[in-house]
4 protein chains.
Amino acid sequence: MKKNKPKYKQIIDAAVEVIAENGYHASQVSKIAKKAGVADGTIYLYFRNKEDILVSLFQEKMGNFIERIKEDTEQKSNADEKLRTLIEMHFSRLANNYHLAVVTQLELRQSNKDLRQKINEVLKGYLAVIDEILKEGIEEGLFHPELNIKLVRQMIFGTLDEVVTNWVMKEEKYDLISQADAVHYLITNGLKK
Amino acid sequence: MKKNKPKYKQIIDAAVEVIAENGYHASQVSKIAKKAGVADGTIYLYFRNKEDILVSLFQEKMGNFIERIKEDTEQKSNADEKLRTLIEMHFSRLANNYHLAVVTQLELRQSNKDLRQKINEVLKGYLAVIDEILKEGIEEGLFHPELNIKLVRQMIFGTLDEVVTNWVMKEEKYDLISQADAVHYLITNGLKK
Amino acid sequence: MKKNKPKYKQIIDAAVEVIAENGYHASQVSKIAKKAGVADGTIYLYFRNKEDILVSLFQEKMGNFIERIKEDTEQKSNADEKLRTLIEMHFSRLANNYHLAVVTQLELRQSNKDLRQKINEVLKGYLAVIDEILKEGIEEGLFHPELNIKLVRQMIFGTLDEVVTNWVMKEEKYDLISQADAVHYLITNGLKK
Amino acid sequence: MKKNKPKYKQIIDAAVEVIAENGYHASQVSKIAKKAGVADGTIYLYFRNKEDILVSLFQEKMGNFIERIKEDTEQKSNADEKLRTLIEMHFSRLANNYHLAVVTQLELRQSNKDLRQKINEVLKGYLAVIDEILKEGIEEGLFHPELNIKLVRQMIFGTLDEVVTNWVMKEEKYDLISQADAVHYLITNGLKK
DNA sequence: AATGAATGAGACTTCATTCAT
DNA sequence: GATGAATGAAGTCTCATTCAT
């Protein structure tokens with residue numbers, strides 16, 4: 001299995017660094033190879049093409065992140081706590097890995113439709129976790145019974161995404177993780193007094 | 001003033017169409033020129049370079065939209081109504097102009113950091129309108145007095161943006177404008193029962 | 001019409017020279033452009049891709065050659081004279097244009113199936129001229145009435161082609177045109193005493 | 001002697017199959033190795049480089065074929081019969097081995113000058129057999145005493161080669177061997193009535 | 001003897017921009 | 001003001017060959 005060989009991860013980590021430092025469009029395969037310490041051709045022993053590096057990067061980094069969120073939220077006793085956990089993990093994951101945050105929030109969005117489609121496939125797993133929490137919250141009587149799940153999921157994801165993107169663009173000048181509580185409060189209680 | 005000459009608007013409208021139909025990366029200057037009915041070189045009499053077409057497109061299309069939102073919201077009697085109006089106008093503006101929605105929600109995001117920075121400049125005016133409504137709502141006692149304005153603005157913009165993007169990606173299969181009420185309710189009241 | 005613009009012919013002539021001098025595989029587009037005195041990109045204003053240069057080269061050089069053979073043979077009074085004329089013209093055409101001979105006899109045959117298929121299309125016109133002469137010769141009672149036309153055409157073309165190829169590979173060390181008579185005699189009378 | 005080890009022939013037979021199936025340019029060393037059931041590196045224990053595989057292929061397959069033609073023709077009583085035998089064997093050899101025919105008539109011709117030069121070395125043996133028959137035929141008074149041997153040899157080889165190539169390109173849709181008589185008649189008697 | 005992972009050179013094509021007319 | 005022919009820089013990927021095991 002190629003995914004378990006050391007060079008596979010080496011190349012992906014190099015890609016994150018190179019893209020974060022140079023931007024999406026200035027990240028040539030040769031630059032990634034150099035940073036990974038392999039020859040250009042070696043890249044193609046592990047990835048079909050350049051796009052495949054980026055898709056794999058997203059799958060690798062986000063895939064197991066989604067797994068961990070699923071596991072950690074399942075251990076919480078109610079939907080509200082699960083939601084809080086999800087927000088905290090979402091923020092801390094990216095706050096602790098600035099390069100990855102730059103890549104996912106800014107650079108990877110410059111990709112073409114094809115790549116974004118594949119990225120969305122990965123994200124579906126995350127959105128499903130949110131949906132699950134919402135359904136549970138309704139059953140538990142914590143959340144409003146007539147919530148439009150799809151819409152709420154869009155609100156939650158849109159909010160988290162926008163908050164992180166703003167944080168990335170301000171270049172780490174403030175603490176992202178400490179905003180989790182306020183965001184959780186806003187999402188659950190809204191603006192009203 | 002170049003902006004008032006007919007070819008200026010002709011080129012911008014051609015750009016919207018070409019990008020919506022072909023996608024960002026397949027939208028060459030020559031294609032835009034052809035659709036606009038001018039020679040390639042003529043483009044450069046009205047715009048400094050390709051990026052300038054896109055920035056101007058955003059300024060032109062969003063600039064006066066922001067003006068109209070400002071005007072319309074100011075006529076409402078309280079912050080809650082103003083917020084509702086902003087959401088409705090945001091949705092209807094894009095629902096009524098699918099090509100423009102495709103361009104702003106999907107295609108223009110593939111642009112590089114530079115261009116997005118300039119697009120953000122234009123958006124600042126919009127965000128300021130939201131901030132104003134929020135402050136007013138707090139003063140009026142409608143919104144929670146300790147709201148973190150910047151964070152709330154990110155929640156609102158992130159939510160609207162994500163909802164519209166999802167609608168665009170589903171290719172108009174459902175009615176966007178009719179979701180305004182539910183979104184307004186969610187933002188003001190949150191998930192809680 | 002692109003084919004009548006001076007750069008079209010300039011590029012084709014440059015291609016013949018470059019391929020004859022460097023060989024098929026070492027003939028980069030940039031080399032052809034340089035020899036033609038145009039920028040690399042200009043090539044693509046006149047040809048779809050590299051293969052199109054080669055196909056056009058063959059069409060251009062052979063196409064009107066076939067026309068001229070058709071015209072000249074038609075003026076001869078009988079099939080035997082027509083055949084002699086065809087052989088003489090075939091040899092003199094290539095003997096007088098060594099670079100072109102190298103390209104058609106040696107270098108262009110290294111091309112892939114696709115290109116050779118297109119070259120064969122052009123050759124069909126030539127083979128049709130041969131067929132016509134053969135039919136006429138039979139009607140005139142000059143050639144054997146039961147000739148298998150297709151087979152004879154293959155003999156004639158195979159012979160001419162092999163003779164020219166041998167001449168090219170010997171690098172012009174002997175006179176090709178003066179062999180026309182002997183070849184004509186062989187084809188019409190065979191080996192027998 | 002490497003040539004007598006089983007892997008040597010294994011690799012050559014694999015090369016014929018791979019080239020016939022995939023075409024010259026899509027026949028990578030790794031594909032040949034896979035078909036032969038050996039590792040890529042093993043190829044280089046038996047052959048100096050890729051070109052050496054192809055040259056050896058030609059030597060191996062054509063070399064003993066030429067031997068057999070020499071033997072069989074020598075048993076015939078006169079030059080005319082020898083020529084007929086040569087034509088029959090040339091056709092039947094390739095008609096009975098379609099893959100080999102595809103490789104020698106079509107694919108191997110895409111090789112570069114160097115390789116073709118070496119192939120021609122092998123062919124020289126075949127051409128010498130033809131020359132011998134021609135000289136004998138003149139001595140026997142069967143063939144015209146003033147034949148230009150080199151030219152006649154080119155006619156014969158060019159004819160046989162073109163006939164086989166046409167047969168290969170038509171993909172075996174007709175019987176090649178049965179054409180031997182007609183070809184023999186044409187070569188010995190020419191077109192004349 | 002056999003393996004197969006790793007290497008790295010090399011070229012076609014696109015397209016934003018210019019400038020002579 | 002308008003044209004459009006010409007420019008030329010720049011990057012992905014393939015595949016023959018090597019060499020440590």
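As the structure is a computational prediction, the values presented were derived from the model and not from experiment. Chain A is the first sequence line, chain B the second, and so forth, proteins listed ahead of strands; every chain is numbered from 1.
Contact between the side-chain N/O atoms of D:Y46 and the OP1/OP2 oxygens of E:dA2 is found at a separation under 4.0 Å. Under 4.0 angstrom from either OP1 or OP2 of E:dA1 there lies no side-chain N or O belonging to D:K7. Not one side-chain nitrogen or oxygen of B:S30 sits closer than 4.0 Å to the OP1 or OP2 atom of E:dC15.
Sequence order on DNA chain F of the closest nucleotides to A:V29 and B:G41 puts B:G41 first from the 5' end. Nearest-nucleotide assignment on DNA chain E puts the 5′-proximal partner with D:A39, out of C:R48 and D:A39.
Side-chain proximity of A:L45 to the nucleotides F:dT3, F:dC13, E:dA6 is greatest for E:dA6. Comparing atom distances between the D:Y44 side chain and each of F:dA16, E:dT7, E:dA16 picks out F:dA16 as nearest. For A:V38, counting side-chain heavy atoms from C-beta on, the closest listed nucleotide (E:dT13, E:dT7, E:dA16) is E:dT7.
Atom P of nucleotide F:dC15 and atom NZ of D:K34 are separated by 14 Å, given to the nearest angstrom. Protein atom CD of A:Q28 is 10 Å distant from nucleotide atom P of F:dA10, rounded to whole Å. Atom CD1 in D:I43 sits roughly 12 Å away from atom C1' in E:dT3 (whole-Å rounding). One can place NZ of A:K50 at 9 Å from P of F:dG11, the figure rounded to the nearest angstrom. Taking atom CD1 of residue C:I32 and atom C1' of nucleotide E:dA11, one finds them 12 Å apart after rounding to whole Å. Atom P of nucleotide F:dT3 and atom CG of B:D40 are separated by 10 Å, given to the nearest angstrom. Residue B:N49 contributes atom CG, which lies 9 Å from atom C1' of E:dA16 at whole-angstrom precision. Residue A:I53 contributes atom CD1, which lies 10 Å from atom C1' of F:dT12 at whole-angstrom precision.
No side-chain donor-acceptor contact under 3.5 Å links D:H99 and D:E17. A side-chain donor from one of D:Q105 and D:D161 sits under 3.5 Å from a side-chain acceptor of the other.
Using a 4.0 Å cut-off between a side-chain N of Lys or Arg and a carboxylate O of Asp or Glu, A:K9 and A:E60 qualify as a salt bridge. Remark: C:K31 does not engage C:D40 in a salt bridge, criterion side-chain N to carboxylate O under 4.0 Å.
In this structure, F:dC13 and E:dG10 make a Watson-Crick or G-U wobble pair, each of the two defining distances being under 3.5 angstrom. Partner assigned to E:dT21 is F:dA2, using Watson-Crick or G-U wobble distances below 3.5 angstrom. In a base pair of the Watson-Crick type (N1 to N3 plus N6-O4 or O6-N4) or a G-U wobble (N1-O2 and O6-N3), with each distance short of 3.5 Å, E:dA1 is matched with no nucleotide.
Proximity of a side-chain donor or acceptor of B:S56 to a complementary backbone N or O of B:D52 within less than 3.5 Å is detected.
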